[in-house]
Amino acid sequence: MIKRRLSEKLGECFQRGIEAGFWSAAAGGAYVVEEPKQSTHGDFATNLAMIIAGREKKKPREVAAQLVELLAGEDELIARCEIAGPGFVNFFIQPAVWQSVLPEVCRQNEQYGLSAVGAGRKVLVEFVSANPTGPLSVGHGRQAVLGDAICRLLIATGHAVTREYYYNDAGRQMRVLGESTRARYLELLGLPFTFPEDGYQGEYIRDIARGMVEEFGDGQKETVEVTIFKERAERAIFADINSTLERLGIHFDNYYNEHTLYDSGLIDEVVAALRAKGLVYDQDDAVWFKATEFGHDKDRVIIKSTGEPTYRLPDIAYHREKFRRGFDWMVDIFGSDHIATVPDVLAGVEALGYDPKKVTVVLHQFVTLMRDGHQVKMSTRKANFVTVDELVDEVGTDVVRFFFLMRKADSQLEFDLDLATKQSQENPVYYMQYGHARLSSISRKAEEKGVARGELADADLSLLKEPEELALLKMLAAWPELVESAALDLEPHRVIFFMQEMAAQFHSYYNKQRIISEDLALSRARLWLAEGLRIILRNGLNLIGVKAPESM
RNA sequence: GCGCCCGUAGCUCAGUUGGAUAGAGCAACGGACUUCUAAUCCGUAGGCCACAGGUUCGAAUCCUGUCGGGCGCACCA
């Protein structure tokens, strides 16, 4: 918020400089105001003078001097300016400005950090979208938590978010699932059976079959149709997936069944629409989409010679529905193994006359699970993969969510079970939670001692002038902007890094300065600072869906 | 062979549309509990930002190439 104020002032000066004939408007929009890494370089710095100089063959430091001249008279905001290095202008903000942030934080409380940049835009976030063939694996887990955190960020920034889970309960995969279940059912009855070659070997199939034995006895042994087995399996597995998502604190607004696309004729409609535009042709008994028209290296089959669509066609039809349902922005969260489908879908919606730029695909890399210093090998088909449920059993929801979010989506994520299992010390989850607990505890302690912080209006915040205190106040001020950028860039990990930094600064401050002391006025000011920090930590933890404990 | 992602401290990773002397956690070593919670803090050590060119006032960041790792490249999803 302070940065924004400074940017506006700087913009005005830039404008006045143009009017005064110091420089042209060429540098407009090209310069930045940023926070220097080094505190000796001020609270903020701008490269404006260097940009102007570069465009107009002037000396950067001379331009900087003119700029500083124009900024004179802003001493309510700026304590002093310095020209440094190749032509940076460094700004030192008045301490009173930083202190003024605190009442704002405390007044807004839960609201602090929320914004309206989303302007109520309708966003559809599609994630997980696992077909009901088995329990959620750790890869799904990452996607589930990532998607949910992105949704929380988008909601916090004023977007109208719909969380959607897209699935397919028809198709070959599900048929194999039904056959696998039947095989186990017959096996349990001691009857001859043939297990499908690429069947699902997990123990959960046996559990489902056991349920069917209890329900039907041997009443289904003659059943040739695989439907009932498929349905029972699907129902049981979906219930399992949903309970896992529930444990992670994730709720979907909508489940979209691929089947509805067929039932309502939307698949045929898409083919007809593409055909009408001449973007589809028949060859070798199959129907091809002219992906080459959209810069791809080859055309793609959308209907096989068997008459069955490939996955591309429903995917395209589904995304067309997202547009037709009136969403302004569509976010797809996929595992990196689905990368090949992305260009096809985007070309498809473009072919149908929609703007593919309204679709943002977040691809996340895989999760490798480490235990006892070794990678846990996993194979989906076989029984030996670790489920999200097992992970939650082992380390709890907070740790699972935190670990899945602490890397950017682009990075492969190493989930170190040895580290995650540790209840103390080096486990990074507890660092922030402990910060929150400590802050809560201080407040309780103060009340016990009868030095409650009192009314905010009565506190003398100008007493918060230690370097550590000003640094903390700056972090409070930076919070809303951080939330906004993390949201718009769909990068929840930034929230974690910010909060870790803030918790670190607080812990350090705590060890150096006493909050509750003999000096009542100072105590009150510091207690309000503590309250501000607590608010940010709690709001931040809420954003990533991790609990903010009052004590630990 | 082609496309996408990645390569930063011993390990796991940050690094905001190109900015000033490249950071954190863990691991290692040495310290701090009579005091608001030591699940904490302070200090030390650790680097050719894979490599080579290029773009410019300025590159971990942008471009090209090379090497190394991951994921894809179906009339599977």
Side-chain angles (χ1 to χ4, degrees), chain A residues 29-30 32 34-38 40-41 45 47 50 53-54 59-60 84-88 90 129 131 133 168 171-173 198 283-288 296-298 300-312 314-315 335-343 363-366 368 370 373 406-414 416 419 422-431 433-435 437-446 448-449 451 481-482 485-486 489 491 493-494 496-497 500-501 503-504 506-517 523 526-527 530 551-552:
Chain A
V32 293
E34 62 187 355
E35 292 147 73
K37 283 177 236 168
Q38 263 186 273
T40 55
H41 292 150
N47 60 353
M50 289 184 292
K59 292 187 178 169
F88 288 102
N90 298 335
S129 295
N131 287 339
T133 58
N168 173 20
R172 207 186 65 87
Q173 271 187 32
D198 51 355
Q283 187 183 304
D284 306 328
D285 296 325
V287 180
W288 295 71
H296 296 184
D297 52 351
K298 51 186 163 185
R300 298 293 187 174
V301 170
I302 53 171
I303 299 177
K304 297 185 256 183
S305 52
T306 59
E308 266 182 306
T310 64
Y311 65 92
R312 291 184 194 93
D315 275 4
S336 62
D337 54 335
H338 279 64
I339 187 161
T341 75
V342 174
L363 286 172
H364 66 87
Q365 299 293 317
F366 286 172
T368 52
M370 302 292 285
M406 69 180 174
R407 304 292 175 231
K408 64 181 173 197
D410 271 347
S411 301
Q412 286 180 45
L413 189 153
E414 183 165 300
D416 187 342
L419 181 62
K422 287 187 183 167
Q423 283 291 321
S424 63
Q425 298 224 17
E426 51 281 276
N427 191 331
V429 184
Y430 300 118
Y431 191 74
Q433 290 189 317
Y434 183 57
R438 211 175 212 186
L439 286 158
S440 305
S441 163
I442 290 168
S443 164
R444 282 194 302 269
K445 197 74 175 184
E448 281 171 26
K449 288 192 175 182
V451 282
E481 194 188 344
L482 176 101
S485 66
D489 294 341
E491 294 188 335
H493 74 279
R494 285 203 221 156
I496 288 186
F497 279 91
Q500 267 186 330
E501 173 62 26
F506 161 64
H507 284 309
S508 177
Y509 171 64
Y510 176 91
N511 274 274
K512 190 172 175 186
Q513 306 285 355
R514 285 200 61 84
I515 291 173
I516 304 168
S517 66
S523 299
R526 288 183 170 174
L527 282 166
S551 64
M552 287 174 74

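Worth knowing before you read on, the calculation uses all heavy atoms, side chains too, and leaves out hydrogens, waters and symmetry mates. None of the values given here were measured: they were computed from a predicted structure. Throughout, protein chains are lettered first and strands after them, A, B, ... in sequence-line order, and every chain is numbered starting at 1.
- No engagement by A:A530 is indicated, since no non-hydrogen atom pair under 4.0 Å with the nucleic acid exists.
- For the P atoms, the distance linking B:G15 with B:C5 amounts to 16 Å, nearest Å.
- If you check every strand for non-hydrogen atoms under 4.0 Å, A:S551 touches a base.
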Test log, rule side-chain contact (heavy atoms from CB on, under 4.5 Å), inputs A:S551 and A:R444: CA-CA 10 Å; A:S551 64; A:R444 282 194 302 269; 3.8 Å; yes
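- Atom C1' of B:C6 sits at a distance of 39 Å from the matching atom of B:G31, rounded to the whole Å.
- Which of B:C75, B:U37, B:U40 sits closest to the side chain of A:N511 comes down to B:U40.
- Comparing B:G47 with B:A14, their C1' atoms are spaced 16 Å from each other, to the whole Å.
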Stepwise side-chain contact (heavy atoms from CB on, under 4.5 Å) check, A:R300 with A:T310: CA-CA 9 Å; A:R300 298 293 187 174; A:T310 64; over 6 Å; no
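- In terms of phosphate contacts, A:S336 brings no side-chain nitrogen or oxygen within less than 4.0 Å of OP1 or OP2 of B:C71.
- Of the two residues near RNA chain B, A:D285 and A:S441, the one whose nearest nucleotide lies more 5' is A:S441.
- Between B:G19 and B:U61, the distance separating the two C1' atoms is 11 Å to the nearest Å.
- Between A:K304 and the phosphate of B:C76, there is a side-chain N or O to OP1/OP2 separation shorter than 4.0 Å.
- Straight-line distance from the CG atom of A:L363 to the C1' atom of B:C6: 13 Å, rounded to whole Å.
- Note on A:Q513: a base of the nucleic acid sits closer than 4.0 angstrom, heavy atoms only.
- The one candidate from A:V429, A:I496, A:L413 that meets the side chain to side chain contact (heavy atoms under 4.5 Å, CB included) condition with A:M406 is A:I496.
- Within the nucleic acid shown, A:A340 comes within 4.0 Å of sugar-phosphate atoms alone, with no base atom in reach, counting heavy atoms only.
- For the C1' atoms, the distance linking B:A22 with B:U16 amounts to 15 Å, nearest Å.
- Per the geometry, CD belonging to A:Q365 stands 11 Å off P belonging to B:G7, to the nearest Å.
- With both ends at atom P, the span from B:C63 to B:A59 equals 16 Å, rounded to whole Å.
- When the C1' atom of B:U37 is taken as reference, atom CE of A:M552 falls 10 Å away, rounded to whole Å.
- Each of A:R312 and A:N131 was assigned the nucleotide of RNA chain B with the nearest heavy atom; the assignment lying further toward the 5' end belongs to A:R312.
- Side-chain N/O atoms of A:Y434 include one lying less than 4.0 angstrom from OP1 or OP2 on B:A39.
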Steps toward side-chain contact (heavy atoms from CB on, under 4.5 Å) verdict (A:N168, A:Y311): CA-CA 10 Å; A:N168 173 20; A:Y311 65 92; over 6 Å; no
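- Residue A:Y430 places none of its side-chain N or O atoms closer than 4.0 Å to OP1 or OP2 of B:U40.
- Taking atom CE on A:M370 and atom P on B:C26, their separation rounds to 18 Å, with Å as the unit.
- Under 4.0 angstrom from either OP1 or OP2 of B:C42 there lies no side-chain N or O belonging to A:Y509.
- Comparing B:U40, B:U37, B:A77 by their closest approach to the side chain of A:Y431 singles out B:U40.
- Shortest non-hydrogen contact noted between A:N90 and A:A84 is ND2-CB, 3.4 Å.
- Looking at heavy atoms from C-beta onward, A:H507 lies in side-chain contact with A:R438 at the 4.5 angstrom threshold.
- The side chain of A:R438 contributes an N or O atom lying less than 4.0 Å from OP1 or OP2 of B:A38.
- Summarising the geometry, the separation between CZ on A:F506 and P on B:C42 is reported as 13 Å, rounded to the nearest angstrom.
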side-chain contact (heavy atoms from CB on, under 4.5 Å) evaluation trace for A:D198 with A:R172: CA-CA 11 Å; A:D198 51 355; A:R172 207 186 65 87; 3.2 Å; yes
Strand RNA chain B as a dot-bracket string - pairs counted if Watson-Crick or G-U with both distances under 3.5 Å, | where the partner lies in another strand: (((((((..((((.....[...)))).(((((.......))))).....(((((..]....))))))))))))....
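- Within the nucleic acid shown, A:K298 comes within 4.0 Å of sugar-phosphate atoms alone, with no base atom in reach, counting heavy atoms only.
- On the C1' atoms, B:A50 is 8 Å away from B:G68, given to the nearest whole Å.
- If you measure from atom CD1 of A:I442 to atom C1' of B:U35, you get 13 Å, rounded to the nearest angstrom.
- Listed candidates were B:A77, B:U37, B:A74. Nearest to the side chain of A:Q173 is B:A77.
- Contact annotation for A:D297: no contact, since no heavy-atom pair falls under 4.0 Å across all strands.
- Residue-level contact check: A:T310 touches the backbone only, with heavy atoms under 4.0 Å from sugar-phosphate atoms and none from bases.
- Note on A:I516: a base of the nucleic acid sits closer than 4.0 angstrom, heavy atoms only.
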Sugar-phosphate or base contact per nucleotide [nucleotides 10-23 of chain B; S, B, -; heavy atom under 4.0 Å]: --BSSSBB-BBB--
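- Nucleotides B:C49 and B:U21 are separated by 15 Å at their C1' atoms, to the nearest Å.
- Residue A:F366 is in sugar-phosphate contact alone, with no base atom involved, counting any heavy-atom pair closer than 4.0 Å across all strands shown.
- By the salt bridge (charged side-chain N to carboxylate O under 4.0 Å, His left out) test, A:E35 pairs with A:K3, sequence neighbours left out.
- Between the base of B:C75 and the side chain of A:S305 there is a donor-acceptor pair shorter than 3.5 Å.
- Side-chain N/O atoms of A:S443 include none lying less than 4.0 angstrom from OP1 or OP2 on B:C36.
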